[in-house]
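Shown next, in structure tokens, is the structure this report addresses.
These numbers come from the heavy atoms of this one structure, side chains and all, not from hydrogens, waters or symmetry mates.
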Amino acid sequence: MSGGTPSLLRACFCARAVALAVAFCLGAVLPARAADYSVTAALGLETTGAFRGVKSRKLNPSVYGYLEIAYGEGLFGVFSNPVSIAGETNALVLGYALWKPTLGKFDVEAGARYYSFPDSSDFTFDFDDDGVVDHRGHKGLFEAQAGVRRKFEGGRVHIRAFYTPDGFAETGPAWYVSNELRADLPFGVEARGAVGVSRFSDKRFNENYIDYDAGLYKSMFGFDMFLRYSDTAGLSGPDNSVVVFGIERALSLASSAAREDRRYDKIRNDWRIDKARLGVIDRPAGD
């Protein structure tokens, strides 16, 4: 393992400390009558971590933290948690930025994110098992994203597409397309179901597959919680079927009066299609 646990902890704390400092400065200098803004931080825990349906077999329960700045139609954030990847225990630090305007009855989004694994070594492949490395690649990757969301009475539908020109370990272009449906239930419970499709250009490194999940979400006592089942289809290897319980506590660090008065979605995990797999929370800007 490169860097070991001390390096992992330093990377996590450094990322969060920098983000917090930026956020507090931003909240202090933004004029009161500027565009709506908010600064939110959170800590969360999931009994089993997963990314796009592929469950983690180490470091469970999975603990994560994030800080997010919403300003007008823009959204900026940084997320971090320890992950086990390619035989190493390392910090994942994910930065993201989104533009989220409303066009008529549709909420649209466009943005990008970067996955970083500080202190990790390159990822290597030895295809013929002869001790000679046939492929070596950097673990971090960039993704562009676009999506559209349509609310209706008692729920909403959300479609998103993600594209990377060079995927994990520099293994070529890849797509991920997801579709999520939400419906309100009695007693403040929300039901969610989602299906995602992963497609890769180079089949030597990755398999095309489908992931799907269904769960119940509720907020109470200042916490956001969920119970969800997820699985994959089309992947060889270990079974990814899993039931996950998650709980999160979000805190408002700063906000404009207008944004404070808005009604936010009660469940904050708007990036849940990815967040429950990587931890990122994208809270909608309100109605």
Between atom [atom1] of [X] and atom [atom2] of [Y], what is the distance when rounded to the nearest 0.5 Å?
X    : Y    : atom1 : atom2 : answer
K55  : D239 : NZ    : CG    : 5.5 Å
N208 : L235 : CG    : CG    : 9.5 Å
S178 : E180 : OG    : CD    : 8.0 Å
D231 : Y212 : CG    : OH    : 4.0 Å
L181 : N179 : CG    : CG    : 7.5 Å
N81  : S62  : CG    : OG    : 4.5 Å

Looking only at heavy atoms, which two atoms of [X] and [Y] are closest? And how far apart?
X    : Y    : answer
G188 : K218 : O-CG, 3.9 Å
A250 : A42  : CA-CB, 3.7 Å
P118 : A91  : CD-O, 3.0 Å
D213 : S230 : CB-CB, 3.5 Å
L141 : T164 : CD1-OG1, 4.2 Å
G222 : R249 : O-NH1, 2.7 Å

Could you walk me through whether V157 and V148 pass the side-chain contact (heavy atoms from CB on, under 4.5 Å) test, one step at a time? CA-CA 9 Å; V157 62; V148 60; over 6 Å; no
Under 4.5 Å between side-chain heavy atoms, counting indirect links through other Ile/Leu/Val/Met/Phe/Trp/Tyr residues: same cluster for [X] and [Y] or not?
X    : Y    : value
V177 : Y163 : no
F221 : L227 : yes
F106 : I159 : yes
F245 : V243 : yes

Using the rule given for side-chain contact (heavy atoms from CB on, under 4.5 Å), can you reason through V83 versus F117, listing the C-alpha separation, both sets of side-chain angles and the distance that settles it, and then say yes or no? CA-CA 9 Å; V83 296; F117 302 90; 4.0 Å; yes
Does NZ belonging to K203 count more than 12 external heavy atoms closer than 6.0 Å? yes
With a 6.0 Å cut-off on ring centres, are [X] and [Y] close enough?
X    : Y    : answer
H135 : F123 : no
Y71  : F76  : no
Y66  : F79  : no

Both conditions, 6.0 Å and 45 degrees, for the charged tip of R52 above the ring of F162: are they met here?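 The answer is yes; both the distance and angle limits are met.
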Any non-hydrogen side-chain atom of [X] less than 4.5 Å from a side-chain atom of [Y]?
X    : Y    : result
V108 : P101 : yes
P173 : S201 : yes
V78  : V93  : yes
P61  : E46  : no
W175 : S198 : no
D211 : V195 : no
L43  : V63  : no
S236 : E207 : yes

If the threshold is 4.0 Å, N to carboxylate O, is there a salt bridge linking K139 and E170?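 Judged by the 4.0 Å cut-off on N to carboxylate O distance, K139 and E170 do not form a salt bridge.
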Are K100 and E73 close enough for a salt bridge, meaning some N to O gap below 4.0 Å?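 Salt bridge flag = no for E73 with K100.
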Using modelled atom types only, decide if a donor and an acceptor are shared between the side chain of [X] and the backbone of [Y] within a distance under 3.5 Å.
X    : Y    : value
S80  : L92  : yes
R199 : A174 : no
S256 : Y37  : yes
K105 : K151 : no
D126 : G131 : yes
E190 : L185 : no

Is a donor from one side chain sitting under 3.5 angstrom from an acceptor on the other, for [X] and [Y]?
X    : Y    : answer
E248 : Y64  : yes
Y96  : Q145 : no
D202 : T171 : no

What verdict does the side chain to side chain donor-acceptor pair (under 3.5 Å) test give for E143 and Y176, after you've listed the backbone C-alpha separation in whole Å, the side-chain angles of each residue and the deciding distance to 0.1 Å? CA-CA 10 Å; E143 271 190 335; Y176 180 68; over 6 Å; no
T232/N240 under side chain to side chain donor-acceptor pair (under 3.5 Å): CA gap, chis, key distance, verdict: CA-CA 6 Å; T232 59; N240 285 302; 3.1 Å; yes
Passing candidate, side chain to side chain donor-acceptor pair (under 3.5 Å) with S121, options E88, H138, R136: E88
Please assess E68 against V39 for the test side-chain contact (heavy atoms from CB on, under 4.5 Å), listing each intermediate value before the final yes or no. CA-CA 6 Å; E68 183 178 274; V39 182; over 6 Å; no
For the pair Y209 and F200, name the ring-plane relationship: parallel under 30°, tilted 30 to 60°, perpendicular over 60°.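 If you compare the ring of Y209 with that of F200, the planes turn out parallel.
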T102 vs D107, side chain to side chain donor-acceptor pair (under 3.5 Å): CA-CA, chis, key distance, verdict: CA-CA 4 Å; T102 298; D107 298 321; 2.9 Å; yes
Step by step, work out the side-chain contact (heavy atoms from CB on, under 4.5 Å) result for T40 and L251. CA-CA 6 Å; T40 305; L251 298 173; over 6 Å; no
Step-by-step side chain to side chain donor-acceptor pair (under 3.5 Å) determination, T48 to N60: CA-CA 5 Å; T48 303; N60 292 318; 4.6 Å; no
